[in-house]
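Along the sequence shown, residues are numbered consecutively beginning with 1.
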Amino acid sequence: MTVLQGERAEAVSQAAQCLADGGLVALPTETVYGLGARADDDAAVAAIFSAKGRPADHPLIVHVLDAAHATPFAAAWPETAQRLTAAFWPGPLTVIVPRSPGLAHAAAGGQTTVGLRCPAHPVAQALLAAAARLGVRGVAAPSANRFGRVSPTSAAHVAQEFGADLLILDGGDCEVGIESAIVDCSSEQPTLLRPGVLTRQAIEAVLGQPLHAPGLNAPKASGTLEAHYAPRAKVRLMSAAELQEAFTLMQPLSATGQPVAAVYSRTVFPAADSSAQWPHRRMPDNAADCAHELFAVLRALDETRAPLLWIERPPDSPEWEGVRDRLQRAAAA
(Lines give C-alpha, C1' and ligand atoms only; values in the text may rest on other atoms or scores of the structure.)
Protein backbone atom coordinates (compact mmCIF):
# COMPACT_ATOMS: atom_id res chain seq x y z
CA MET A 1 0.00 0.00 0.00
CA THR A 2 1.34 3.42 -0.96
CA VAL A 3 0.21 6.55 0.88
CA LEU A 4 1.02 9.81 -0.90
CA GLN A 5 0.87 13.27 0.68
CA GLY A 6 -1.82 15.02 -1.34
CA GLU A 7 -0.48 18.55 -0.94
CA ARG A 8 2.59 17.62 -3.00
CA ALA A 9 2.35 18.15 -6.75
CA GLU A 10 4.30 15.00 -7.53
CA ALA A 11 1.89 12.93 -5.44
CA VAL A 12 -1.10 14.33 -7.29
CA SER A 13 0.61 13.69 -10.62
CA GLN A 14 1.36 10.08 -9.68
CA ALA A 15 -2.24 9.51 -8.60
CA ALA A 16 -3.59 11.13 -11.79
CA GLN A 17 -1.38 8.90 -13.92
CA CYS A 18 -2.63 5.84 -12.03
CA LEU A 19 -6.22 6.85 -12.84
CA ALA A 20 -5.36 7.51 -16.48
CA ASP A 21 -3.80 4.03 -16.68
CA GLY A 22 -7.03 2.42 -15.41
CA GLY A 23 -5.93 1.93 -11.80
CA LEU A 24 -7.61 2.60 -8.46
CA VAL A 25 -6.83 5.59 -6.23
CA ALA A 26 -8.25 6.41 -2.81
CA LEU A 27 -8.82 10.17 -2.74
CA PRO A 28 -9.95 12.67 -0.13
CA THR A 29 -13.09 14.74 -0.52
CA GLU A 30 -14.71 17.10 1.95
CA THR A 31 -17.34 14.43 2.71
CA VAL A 32 -15.53 11.06 2.94
CA TYR A 33 -12.60 9.34 1.20
CA GLY A 34 -13.53 7.80 -2.14
CA LEU A 35 -12.24 4.74 -3.98
CA GLY A 36 -11.78 6.16 -7.47
CA ALA A 37 -11.34 4.95 -11.05
CA ARG A 38 -11.80 6.76 -14.34
CA ALA A 39 -15.53 6.84 -14.99
CA ASP A 40 -15.15 6.59 -18.78
CA ASP A 41 -13.51 3.13 -18.52
CA ASP A 42 -15.97 0.38 -17.57
CA ALA A 43 -13.16 -2.11 -16.92
CA ALA A 44 -11.50 0.29 -14.47
CA VAL A 45 -14.82 0.90 -12.73
CA ALA A 46 -15.40 -2.85 -12.44
CA ALA A 47 -12.33 -2.99 -10.19
CA ILE A 48 -14.10 -0.69 -7.71
CA PHE A 49 -17.04 -3.08 -7.41
CA SER A 50 -14.66 -6.01 -6.99
CA ALA A 51 -12.51 -4.33 -4.33
CA LYS A 52 -15.50 -3.21 -2.28
CA GLY A 53 -17.61 -6.33 -2.76
CA ARG A 54 -20.34 -4.03 -4.05
CA PRO A 55 -23.19 -5.22 -6.30
CA ALA A 56 -22.56 -4.08 -9.88
CA ASP A 57 -26.10 -2.65 -10.18
CA HIS A 58 -25.60 -0.30 -7.22
CA PRO A 59 -24.50 2.95 -8.92
CA LEU A 60 -21.49 5.10 -8.13
CA ILE A 61 -21.13 8.88 -8.13
CA VAL A 62 -18.95 10.44 -10.83
CA HIS A 63 -16.72 13.23 -9.50
CA VAL A 64 -15.91 16.05 -11.90
CA LEU A 65 -13.78 19.18 -11.82
CA ASP A 66 -16.65 21.57 -12.56
CA ALA A 67 -19.97 21.88 -14.38
CA ALA A 68 -18.26 22.04 -17.77
CA HIS A 69 -16.70 18.63 -17.11
CA ALA A 70 -20.06 17.27 -15.92
CA THR A 71 -22.08 17.98 -19.05
CA PRO A 72 -20.41 15.33 -21.27
CA PHE A 73 -21.83 12.68 -18.94
CA ALA A 74 -25.35 14.15 -19.22
CA ALA A 75 -27.80 13.52 -22.05
CA ALA A 76 -29.70 16.55 -20.72
CA TRP A 77 -28.96 19.21 -18.12
CA PRO A 78 -32.28 20.06 -16.42
CA GLU A 79 -32.96 23.51 -15.04
CA THR A 80 -33.12 22.00 -11.53
CA ALA A 81 -29.59 20.63 -11.92
CA GLN A 82 -28.39 23.99 -13.23
CA ARG A 83 -29.82 25.85 -10.24
CA LEU A 84 -28.41 23.43 -7.69
CA THR A 85 -24.93 23.13 -9.15
CA ALA A 86 -24.65 26.91 -9.57
CA ALA A 87 -25.50 27.32 -5.89
CA PHE A 88 -23.69 24.40 -4.26
CA TRP A 89 -20.77 23.28 -6.46
CA PRO A 90 -18.08 22.68 -5.53
CA GLY A 91 -19.58 21.09 -2.43
CA PRO A 92 -21.43 18.19 -0.82
CA LEU A 93 -24.26 17.83 -3.35
CA THR A 94 -24.81 15.16 -6.02
CA VAL A 95 -27.31 15.64 -8.83
CA ILE A 96 -28.87 12.76 -10.76
CA VAL A 97 -29.39 13.58 -14.47
CA PRO A 98 -30.08 11.61 -17.67
CA ARG A 99 -26.90 9.81 -18.73
CA SER A 100 -25.20 10.21 -22.09
CA PRO A 101 -25.51 6.91 -23.99
CA GLY A 102 -22.26 4.98 -24.19
CA LEU A 103 -20.58 6.80 -21.28
CA ALA A 104 -20.24 5.69 -17.63
CA HIS A 105 -22.47 2.63 -18.10
CA ALA A 106 -20.70 0.67 -15.34
CA ALA A 107 -20.46 3.66 -12.99
CA ALA A 108 -24.21 4.21 -13.33
CA GLY A 109 -24.95 0.58 -12.50
CA GLY A 110 -26.48 0.19 -15.95
CA GLN A 111 -29.11 2.87 -15.34
CA THR A 112 -30.05 5.55 -17.85
CA THR A 113 -29.24 8.21 -15.22
CA VAL A 114 -25.94 9.17 -13.62
CA GLY A 115 -24.96 10.88 -10.35
CA LEU A 116 -22.51 13.79 -10.67
CA ARG A 117 -20.65 15.76 -8.01
CA CYS A 118 -17.95 18.42 -7.92
CA PRO A 119 -15.99 18.02 -4.65
CA ALA A 120 -14.64 21.03 -2.79
CA HIS A 121 -11.57 19.41 -1.24
CA PRO A 122 -8.44 21.10 -2.68
CA VAL A 123 -6.61 17.78 -3.12
CA ALA A 124 -9.60 16.29 -4.95
CA GLN A 125 -9.74 19.40 -7.14
CA ALA A 126 -6.03 19.15 -7.92
CA LEU A 127 -6.34 15.44 -8.74
CA LEU A 128 -9.35 15.94 -11.02
CA ALA A 129 -7.56 18.76 -12.85
CA ALA A 130 -4.40 16.69 -13.32
CA ALA A 131 -6.40 13.66 -14.44
CA ALA A 132 -8.41 15.77 -16.90
CA ARG A 133 -5.16 16.89 -18.53
CA LEU A 134 -4.44 13.19 -19.12
CA GLY A 135 -7.82 12.63 -20.77
CA VAL A 136 -9.78 11.40 -17.73
CA ARG A 137 -13.24 12.93 -18.03
CA GLY A 138 -14.41 12.11 -14.51
CA VAL A 139 -13.67 9.83 -11.57
CA ALA A 140 -16.24 7.34 -10.26
CA ALA A 141 -15.72 7.10 -6.51
CA PRO A 142 -17.89 5.50 -3.83
CA SER A 143 -16.67 5.56 -0.23
CA ALA A 144 -13.34 3.77 0.21
CA ASN A 145 -14.53 0.95 2.46
CA ARG A 146 -15.91 -2.55 2.18
CA PHE A 147 -19.51 -2.48 0.98
CA GLY A 148 -22.05 -1.65 3.66
CA ARG A 149 -19.49 -0.76 6.31
CA VAL A 150 -18.52 2.51 8.00
CA SER A 151 -17.25 5.14 5.58
CA PRO A 152 -13.65 6.42 5.95
CA THR A 153 -12.85 10.01 6.84
CA SER A 154 -9.05 9.69 7.01
CA ALA A 155 -6.30 7.99 5.02
CA ALA A 156 -5.72 5.71 8.03
CA HIS A 157 -9.32 4.47 7.80
CA VAL A 158 -8.79 3.58 4.14
CA ALA A 159 -5.59 1.73 4.97
CA GLN A 160 -7.54 -0.38 7.49
CA GLU A 161 -9.97 -1.45 4.76
CA PHE A 162 -7.83 -2.59 1.84
CA GLY A 163 -4.75 -4.60 0.94
CA ALA A 164 -1.24 -3.65 -0.02
CA ASP A 165 -1.79 -2.64 -3.65
CA LEU A 166 -3.99 0.44 -3.18
CA LEU A 167 -2.60 3.92 -3.77
CA ILE A 168 -3.96 6.38 -1.18
CA LEU A 169 -3.79 10.15 -1.65
CA ASP A 170 -3.74 11.60 1.88
CA GLY A 171 -5.59 14.89 2.21
CA GLY A 172 -6.06 14.88 5.99
CA ASP A 173 -9.33 14.36 7.85
CA CYS A 174 -12.54 15.09 5.94
CA GLU A 175 -14.19 18.35 6.93
CA VAL A 176 -17.86 17.41 6.40
CA GLY A 177 -17.70 13.77 7.48
CA ILE A 178 -20.83 12.25 5.90
CA GLU A 179 -21.64 11.70 2.25
CA SER A 180 -23.24 14.27 -0.05
CA ALA A 181 -26.93 14.95 -0.35
CA ILE A 182 -28.32 13.39 -3.54
CA VAL A 183 -31.09 15.10 -5.52
CA ASP A 184 -32.71 13.40 -8.50
CA CYS A 185 -33.12 16.03 -11.23
CA SER A 186 -33.94 13.55 -14.00
CA SER A 187 -37.71 13.95 -13.75
CA GLU A 188 -40.08 16.90 -13.48
CA GLN A 189 -40.26 16.49 -9.70
CA PRO A 190 -36.90 17.01 -7.93
CA THR A 191 -36.49 14.27 -5.34
CA LEU A 192 -34.22 14.01 -2.31
CA LEU A 193 -32.75 10.50 -2.50
CA ARG A 194 -30.21 10.91 0.32
CA PRO A 195 -29.89 13.74 2.87
CA GLY A 196 -26.56 15.28 3.78
CA VAL A 197 -25.29 18.33 5.63
CA LEU A 198 -27.04 20.55 3.09
CA THR A 199 -30.49 20.88 4.59
CA ARG A 200 -33.68 20.15 2.73
CA GLN A 201 -34.72 23.76 3.31
CA ALA A 202 -31.54 25.17 1.74
CA ILE A 203 -31.99 23.00 -1.35
CA GLU A 204 -35.67 23.88 -1.68
CA ALA A 205 -34.88 27.59 -1.37
CA VAL A 206 -32.60 27.37 -4.41
CA LEU A 207 -35.06 25.26 -6.39
CA GLY A 208 -38.03 27.44 -5.55
CA GLN A 209 -40.14 24.32 -5.04
CA PRO A 210 -40.43 21.48 -2.55
CA LEU A 211 -38.40 18.30 -2.76
CA HIS A 212 -40.39 15.11 -3.22
CA ALA A 213 -40.02 11.73 -1.54
CA PRO A 214 -38.63 8.88 -3.66
CA GLY A 215 -41.25 6.88 -5.55
CA LEU A 216 -41.12 3.34 -6.88
CA ASN A 217 -39.50 4.52 -10.12
CA ALA A 218 -36.80 6.66 -8.52
CA PRO A 219 -33.26 5.88 -9.70
CA LYS A 220 -31.04 3.78 -7.49
CA ALA A 221 -28.43 5.88 -5.72
CA SER A 222 -25.37 5.41 -3.54
CA GLY A 223 -25.91 4.86 0.17
CA THR A 224 -29.67 4.43 -0.01
CA LEU A 225 -29.99 0.75 0.90
CA GLU A 226 -31.95 0.15 4.10
CA ALA A 227 -28.86 -1.26 5.86
CA HIS A 228 -25.57 0.59 5.39
CA TYR A 229 -22.71 2.37 7.24
CA ALA A 230 -22.55 -0.51 9.75
CA PRO A 231 -19.82 -1.22 12.32
CA ARG A 232 -19.21 -4.75 13.58
CA ALA A 233 -21.11 -4.00 16.81
CA LYS A 234 -24.89 -4.15 16.74
CA VAL A 235 -26.21 -0.58 16.69
CA ARG A 236 -29.31 0.40 18.62
CA LEU A 237 -30.77 3.92 18.62
CA MET A 238 -32.31 4.87 21.96
CA SER A 239 -33.80 7.79 23.82
CA ALA A 240 -32.06 9.06 26.95
CA ALA A 241 -34.66 7.28 29.10
CA GLU A 242 -34.16 4.02 27.19
CA LEU A 243 -30.40 4.33 27.63
CA GLN A 244 -30.74 4.77 31.39
CA GLU A 245 -33.01 1.73 31.58
CA ALA A 246 -30.55 -0.31 29.50
CA PHE A 247 -27.68 0.65 31.83
CA THR A 248 -29.72 -0.54 34.81
CA LEU A 249 -30.68 -3.86 33.20
CA MET A 250 -27.18 -4.62 31.90
CA GLN A 251 -25.25 -3.49 35.00
CA PRO A 252 -24.72 -7.06 36.31
CA LEU A 253 -22.73 -7.87 33.17
CA SER A 254 -20.13 -5.27 34.14
CA ALA A 255 -18.72 -7.78 36.61
CA THR A 256 -17.31 -9.81 33.71
CA GLY A 257 -14.65 -7.16 33.08
CA GLN A 258 -15.44 -7.10 29.36
CA PRO A 259 -17.04 -4.16 27.51
CA VAL A 260 -20.80 -4.50 27.71
CA ALA A 261 -21.82 -1.77 25.29
CA ALA A 262 -20.13 1.24 23.75
CA VAL A 263 -22.14 4.45 24.08
CA TYR A 264 -22.44 7.61 21.95
CA SER A 265 -24.77 10.11 23.57
CA ARG A 266 -25.45 13.78 24.21
CA THR A 267 -26.76 12.94 27.67
CA VAL A 268 -24.09 12.23 30.30
CA PHE A 269 -24.50 8.92 32.12
CA PRO A 270 -22.35 8.32 35.24
CA ALA A 271 -22.22 4.58 34.51
CA ALA A 272 -20.71 5.18 31.08
CA ASP A 273 -18.21 7.75 32.32
CA SER A 274 -16.93 5.73 35.28
CA SER A 275 -16.37 2.23 33.90
CA ALA A 276 -14.24 0.65 31.18
CA GLN A 277 -17.16 -1.71 30.59
CA TRP A 278 -19.08 1.19 29.03
CA PRO A 279 -16.76 2.91 26.49
CA HIS A 280 -18.33 6.32 25.97
CA ARG A 281 -18.04 9.25 23.59
CA ARG A 282 -20.14 12.37 23.97
CA MET A 283 -22.16 13.35 20.91
CA PRO A 284 -21.84 17.06 20.01
CA ASP A 285 -24.91 19.25 20.40
CA ASN A 286 -24.29 20.75 16.96
CA ALA A 287 -25.35 18.66 13.93
CA ALA A 288 -22.43 19.73 11.72
CA ASP A 289 -19.92 18.85 14.45
CA CYS A 290 -21.58 15.46 14.88
CA ALA A 291 -21.51 14.77 11.14
CA HIS A 292 -17.81 15.69 11.03
CA GLU A 293 -16.86 13.10 13.65
CA LEU A 294 -19.61 10.49 13.20
CA PHE A 295 -17.85 7.81 11.18
CA ALA A 296 -14.56 8.25 13.06
CA VAL A 297 -16.42 7.78 16.36
CA LEU A 298 -18.25 4.68 15.10
CA ARG A 299 -14.90 3.19 14.08
CA ALA A 300 -13.24 4.09 17.40
CA LEU A 301 -16.05 2.62 19.48
CA ASP A 302 -16.05 -0.49 17.32
CA GLU A 303 -12.37 -0.98 18.14
CA THR A 304 -13.29 -1.43 21.82
CA ARG A 305 -14.80 -4.79 20.75
CA ALA A 306 -17.99 -4.07 22.66
CA PRO A 307 -20.71 -6.25 21.07
CA LEU A 308 -23.33 -3.49 21.29
CA LEU A 309 -23.27 0.16 20.30
CA TRP A 310 -25.93 2.25 22.00
CA ILE A 311 -26.51 5.63 20.38
CA GLU A 312 -28.78 8.37 21.64
CA ARG A 313 -31.23 9.36 18.91
CA PRO A 314 -30.32 12.67 17.28
CA PRO A 315 -32.80 15.54 17.59
CA ASP A 316 -35.73 15.50 15.19
CA SER A 317 -34.82 18.78 13.52
CA PRO A 318 -33.92 19.58 9.89
CA GLU A 319 -30.19 20.10 10.36
CA TRP A 320 -29.84 16.60 11.86
CA GLU A 321 -31.51 14.78 8.93
CA GLY A 322 -28.24 13.58 7.37
CA VAL A 323 -26.91 12.21 10.67
CA ARG A 324 -30.25 10.53 11.45
CA ASP A 325 -30.23 8.89 8.04
CA ARG A 326 -26.75 7.38 8.54
CA LEU A 327 -27.52 6.12 12.04
CA GLN A 328 -30.88 4.61 11.04
CA ARG A 329 -29.20 2.66 8.24
CA ALA A 330 -26.40 1.56 10.55
CA ALA A 331 -28.98 0.30 13.05
CA ALA A 332 -30.83 -1.62 10.32
CA ALA A 333 -27.77 -3.75 9.48
Side-chain angles (χ1 to χ4, degrees), residues 1-4 6 11-29 31-66 69-75 94 96-97 99-119 121 123-147 151-152 155 158-159 161-171 179-180 219-223:
M1 180 175 294
T2 301
V3 180
L4 304 176
V12 171
S13 296
Q14 184 178 339
Q17 189 62 59
C18 181
L19 290 171
D21 293 342
L24 296 182
V25 173
L27 64 145
T29 78
T31 58
V32 301
Y33 273 71
L35 182 62
R38 59 183 304 163
D40 55 1
D41 183 338
D42 285 355
V45 170
I48 297 176
F49 290 102
S50 177
K52 284 178 61 74
R54 182 186 180 106
D57 64 348
H58 196 56
L60 313 178
I61 292 169
V62 176
H63 294 67
V64 294
L65 182 60
D66 51 31
H69 286 78
T71 50
F73 289 95
T94 296
I96 305 289
V97 298
R99 178 173 62 85
S100 291
L103 191 58
H105 175 85
Q111 297 187 113
T112 58
T113 55
V114 64
L116 300 167
R117 182 166 99 82
C118 174
H121 196 292
V123 174
Q125 281 278 311
L127 177 61
L128 290 167
R133 290 193 292 270
L134 297 174
V136 177
R137 287 179 279 188
V139 175
S143 57
N145 55 274
R146 304 293 179 179
F147 182 64
S151 302
V158 180
E161 293 281 338
F162 295 103
D165 295 334
L166 183 62
L167 191 155
I168 302 172
L169 196 58
D170 188 351
E179 295 82 355
S180 61
K220 292 181 180 179
S222 294

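- Taking all atoms of both residues into account, the shortest heavy-atom contact from L19 to A37 is CD2-CA, 3.8 Å.
- Taking the side-chain hydrogen bond (donor to acceptor under 3.5 Å, both in side chains) definition, one finds that D41 meets it with nothing, sequence neighbours left out.
- The main-chain N or O of Q111 is found under 3.5 Å from a side-chain atom of R99 such that the two form a donor-acceptor pair.
- Looking only at distances, a side-chain donor or acceptor of R146 sits under 3.5 Å from a matching main-chain atom of E161.
- Using a 4.5 Å heavy-atom cutoff, the side chains of L103 and D40 are in contact.
- The backbone N or O of G135 sits less than 3.5 Å from a side-chain atom of R38, completing a donor-acceptor pair.
- In this structure, the side chains of L116 and V97 come closer than 4.5 Å at one or more pairs of heavy atoms.
- Nearest heavy atom pair, residue A16 against residue A130, reads CB-CB, 3.7 Å.
- Distance alone, capped at 3.5 Å, places no donor-acceptor pair between the Y33 side chain and the I168 backbone.
- Contact of the L169 side chain with the L127 side chain is registered, since non-hydrogen atoms from C-beta on lie closer than 4.5 Å.
- A heavy-atom distance below 4.5 Å is found between the side chains of Q125 and C118.
- At a threshold of 4.5 Å between non-hydrogen side-chain atoms, the residues K52 and N145 count as touching.
- In this structure, the side chain of E179 does not engage the main chain of S143 through any donor-acceptor pair within 3.5 Å.
- With V3 as reference, D170 is the one residue of L166, D170, V158 to meet the side-chain contact (heavy atoms from CB on, under 4.5 Å) rule.
- Q17 meets the side-chain hydrogen bond (donor to acceptor under 3.5 Å, both in side chains) test with D21; sequence neighbours excluded.
- In terms of heavy-atom proximity, G36 sits nearest to I48 at C-CD1, 4.1 Å.
- Counting only distance, with no hydrogens or angles, the side chain of R54 and the backbone of P59 share a donor-acceptor pair below 3.5 Å.
- A20 and V136 get closest at one heavy-atom pair: CA-CG2, 3.7 Å.
- Checked against ring-ring contact (aromatic ring centres under 6.0 Å, His included), H58 has the following partners two or more places apart in sequence or in another chain: F147.
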Chi angles and distances behind the side chain to side chain contact (heavy atoms under 4.5 Å, CB included) call for V139, L128: CA-CA 8 Å; V139 175; L128 290 167; 3.7 Å; yes
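- Taking both residues in full, the closest heavy atoms of V114 and V62 are given as CG2-CG2, 4.0 Å, listed atom of the first, atom of the second, then distance.
- When side chains are defined from C-beta on, H63 does not count as touching L27, because their heavy atoms never get closer than 4.5 Å.
- For T113 (side chain) and P219 (main-chain N/O), no donor-acceptor pair under 3.5 Å exists by modelled atom type.
- Side-chain N or O atoms of T29 include none that pairs as donor or acceptor with a backbone N or O of H121 at under 3.5 Å.
- Note: S100 OG to H105 NE2 = 14.0 Å, rounded to the nearest 0.5 Å.
- Side-chain contact check for T94 and S180: at least one donor-acceptor pair (N or O, by modelled atom type) lies under 3.5 Å.
- Contact between G138 and V64 at its shortest, heavy atoms only, is CA-CG1, 4.4 Å.
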